Every structure is written in C-alpha cells, then in structure tokens.
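One structure below.
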Amino acid sequence: MDQIKLAVLFQGMAQQWAQAISSYTNAETVMLDGCGQNAVGSLQGLDVLMQELEQMNALCLRLSRQSDVQHMTIASHELEQVTLEHLRGMLKGQPVAPFTAADVELF
C-alpha cells in the first residue's frame, strides 16, 4: 500500500489554500468593479471569508513544519477519492500543471 507523508499533504493543502486566496481576490475585484461603490458595504462581509482562507493556509503551513508530523504517513489511496486531478497531484506533492479557468475537467 502506497504511503504519503502527512507533511507533504499539509504542504499541498497550503498551496491549494493559496490558490483559493488568489482566485477569491480576482473574483472580489470583478464583483467590486461590476457593482460599483454602492455595494462595497455588502461585499465587506466577504472579508471574513478571505481571513478564513488566509488562516487555513497559515495553519497548514505550520502543521507541515511540525517535527512530529515529519515522520507520519497516511495511506495514499485516501487521496484517490479527490476527483480533480490537479488537486490530487498537489496534495500528493507531485508536480501539477497550472489549472486555468479555460480547463474543463469532468468528474
């Protein structure tokens, strides 16, 4: 049975959170541009979401650096349940081609 280091999984999760933050920032810009200044107050509630994404990113990075985590492994077959190939590869610590909005992946 293949094993994956837990630290690698946490690093992949941190990368995914960072990509989510980037996507969120782009979406927020589009919303602000589209809604104008009238909706700024309503969209400020989304700042909590951004803070949560940033906190999860930082937590995964810290967990990946914990000395006790460095020696732990999990069965890699659990990651096979992740249906998005680019995400599954990132979580396994394997090089992944950048995923763009133009890419379509059926699952």
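Keep in mind the model is a prediction, meaning the values are calculated, not measured. Values below: all heavy atoms of this structure, side chains included; hydrogens, waters and symmetry mates excluded.
Cluster annotation: Leu61 is not connected to Trp17 through the hydrophobic network of ILVMFWY side chains, with a link wherever side-chain heavy atoms come within less than 4.5 Å.
Contact check for Met50 versus Thr25: side-chain heavy atoms found under the 4.5 Å cut-off.
Panel note: side chain Tyr24, backbone Leu46; a donor-acceptor pair is recorded below 3.5 Å. Ser76 places no side-chain N or O within donor-acceptor distance of the main-chain N or O of Ile4, the cut-off being under 3.5 Å.
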Self-check item: Worked check of side-chain contact (heavy atoms from CB on, under 4.5 Å) between Glu28 and Asp47
Solution: CA-CA 10 Å; Glu28 184 180 44; Asp47 285 344; 3.5 Å; yes
Self-check item: Check against side-chain contact (heavy atoms from CB on, under 4.5 Å), Leu79 and Leu9
Solution: CA-CA 9 Å; Leu79 293 178; Leu9 176 64; 3.8 Å; yes
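Rounded to the nearest 0.5 Å, atoms OG (Ser23) and CG (Leu53) are 10.0 Å apart. The CG atom of Leu59 lies 13.0 Å from the CD atom of Glu52; values are rounded to the nearest 0.5 Å. Between atom CD of residue Glu54 and atom CG of residue Leu49 there is a gap of 10.0 Å, rounded to the nearest 0.5 Å.
The heavy-atom pair separating Gln16 from Met90 by the smallest distance is N-SD, 3.4 Å.
Residues forming a salt bridge (Lys or Arg N to Asp or Glu O under 4.0 Å) with Glu80 (at least two apart in sequence, or on another chain): Arg88, Lys92.
Shown here is Met72, whose CE atom has no more than 12 heavy atoms of other residues, nucleotides or ligands within 6.0 Å.
Pairs engaging residues 56-74 under the side-chain hydrogen bond (donor to acceptor under 3.5 Å, both in side chains) rule: Gln3-Thr73 [sequence neighbours left out].
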